[in-house]
Protein chains: 2
Amino acid sequence: MTTAIAALTKNQALVFETLARAKTPMSAYTILDQLRDNGFRAPLQVYRALDKLLDAGLIHRLESMNAFVACSHEQCHTAGLIAFAICENCGQVSEFADAAVSRHLTDWARDHKFNVAKTTIEIRGACNTCANA
Amino acid sequence: MTTAIAALTKNQALVFETLARAKTPMSAYTILDQLRDNGFRAPLQVYRALDKLLDAGLIHRLESMNAFVACSHEQCHTAGLIAFAICENCGQVSEFADAAVSRHLTDWARDHKFNVAKTTIEIRGACNTCANA
DNA sequence: AAGAATTGCGTAATGCTATAACATTTGCCA
DNA sequence: TGGCAAATGTTATAGCATTACGCAATTCTT
Ligand SMILES: [Zn+2]
Ligand SMILES: [Zn+2]
Ligand SMILES: [Zn+2]
Ligand SMILES: [Zn+2]
């Protein structure tokens, strides 16, 4: 039995480590630029790694900003619906799972016979630090 | 006192009517193509109109697909948090307001002292019709 | 009405995000 | 070792959004 991270290929590991080190979300092209010294030359090298990392639940895509973040939980993808609070000033992202929100949206889907594949919840605004500055 | 729609400029009205007629979300470039005969030549003409329509609450942007839809409610923007269920097969979008979801996310923001500017909720999946086909 | 300020418009150029297509390499297993 | 699946490298292209500039129309103020 190996951990998910040990199974990563070289490119996948490089992309994941770049995201894990970052304090804020990164776009695919920003990741590319940071990995030029590691032999990355083209966007596809990044996007292919990102796809695998998304599948593995190691990272998340923030739809409202076309950017990616490392998952801040150990195996958060088992925790049901994930939401994000994104500070538009400093870029910090808080990842959280709210069971009540998850349940209500699941209920809505059941009531309307909608077959859910993926749910995106992103709150944009100002974090506590930035709001007081 | 005039209605919001009466205050629209020519370009804004053309873009809004295009979206209002559409049965599914449209990208800015698709809108542009449909308005070539009306004198539209450049993306900016569409994006400027979209910005105003978003401000007015007459349309919504679907972050997970870089597309836009006409609001399906009369003045829905007064109804608090809006969510979307998007069928990935037929493209149909259901716009709904769930008070319980809205309240729970508001509570989370209060508890974490996060100053909310805008919230995105988008459910991707298959609508009832498509799931049974 | 004249001038100033705001808003909207037209056009061209550019930048950012993502995928298609094709060839090659690598790792694994029958 | 031969064959297969996954990963990689490279080039080109498609799709989405904004910057910059100049001008025209509208609205506000005096
Ligand atoms: Zn996570
Ligand atoms: Zn902040
Ligand atoms: Zn609406
Ligand atoms: Zn459908």
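Naming: A, B, ... by sequence-line order, numbering from 1 per chain.
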Terminal helix-axis angle for the helix from dA1(C)-dT30(D) to dA30(C)-dT1(D), with five pairs defining each axis and rounding to 10 degrees: 30°

Residue pair Val69(A) / Leu19(A), side-chain heavy-atom distance below 4.5 Å: no

Position toward the 5' end of DNA chain C (nearest nucleotide), Arg41(B) or Tyr47(A): Arg41(B)

Among dA17(D), dA7(D), dG9(D), the nucleotide that comes nearest once only the side chain of Gln12(A) is considered: dA7(D)

Sub-4.5 Å side-chain heavy-atom contact between Phe96(A) and Ser72(A): no

Donor-acceptor contact below 3.5 Å, side chain Ser102(B) vs main chain Asp98(B): no

Sugar-phosphate or base contact per nucleotide [nucleotides 19-28 of chain D; S, B, -; heavy atom under 4.0 Å]: BB--------

5' priority, DNA chain D, between Lys52(A) and Ala42(A) [closest heavy atom]: Lys52(A)

Note, Phe68(A) side chain near Pro25(A) side chain (heavy atom, < 4.5 Å): no

Side-chain N or O of Gln45(A) closer than 4.0 Å to phosphate OP1/OP2 of dT8(D): no

Protein-nucleotide distance (Met65(B), atom CE; dG15(D), atom C1'), rounded to Å: 13 Å

Rounded distance (Å) that lies between atom P of dG9(D) and atom CZ of Arg36(A): 13 Å

Phosphate-side-chain proximity, Asn11(A) and dG9(D), N/O vs OP1/OP2 below 4.0 Å: yes

Value in whole Å for how far the P atom of dA7(D) lies from CG of Leu50(A): 14 Å

Check: Thr9(B) main-chain N/O paired with Gln12(B) side-chain donor or acceptor under 3.5 Å: yes

Asn128(B) vs Phe114(A) side-chain heavy atoms within contact, under 4.5 Å: no

DNA chain D-proximal residues of residues 18-30 of chain B, any heavy atom under 4.0 Å: Ser27(B), Tyr29(B)

No-hydrogen, no-angle side-chain donor-acceptor test under 3.5 Å, Arg124(B) and Thr119(A): no

Heavy-atom check, side chain of Thr120(B) versus side chain of Glu63(A), under 4.5 Å: no

For Asn115(A), side-chain hydrogen bond (donor to acceptor under 3.5 Å, both in side chains) partners two or more places apart: none

Outermost nucleotides of DNA chain C that come under 4.0 Å of a non-hydrogen atom of chain B: dG8(C) to dT11(C)

Donor-acceptor under 3.5 Å (Thr30(B) side chain, Met26(B) main chain): no

Side-chain heavy-atom pair Arg48(A), Asn11(A) within 4.5 angstrom cut-off: no

Any donor-acceptor pair under 3.5 Å from Gln45(A) side chain to Ala42(A) backbone: yes

Residues which pass salt bridge (Lys or Arg N to Asp or Glu O under 4.0 Å) with Glu122(A), listed by chain and number, not counting sequence neighbours: none

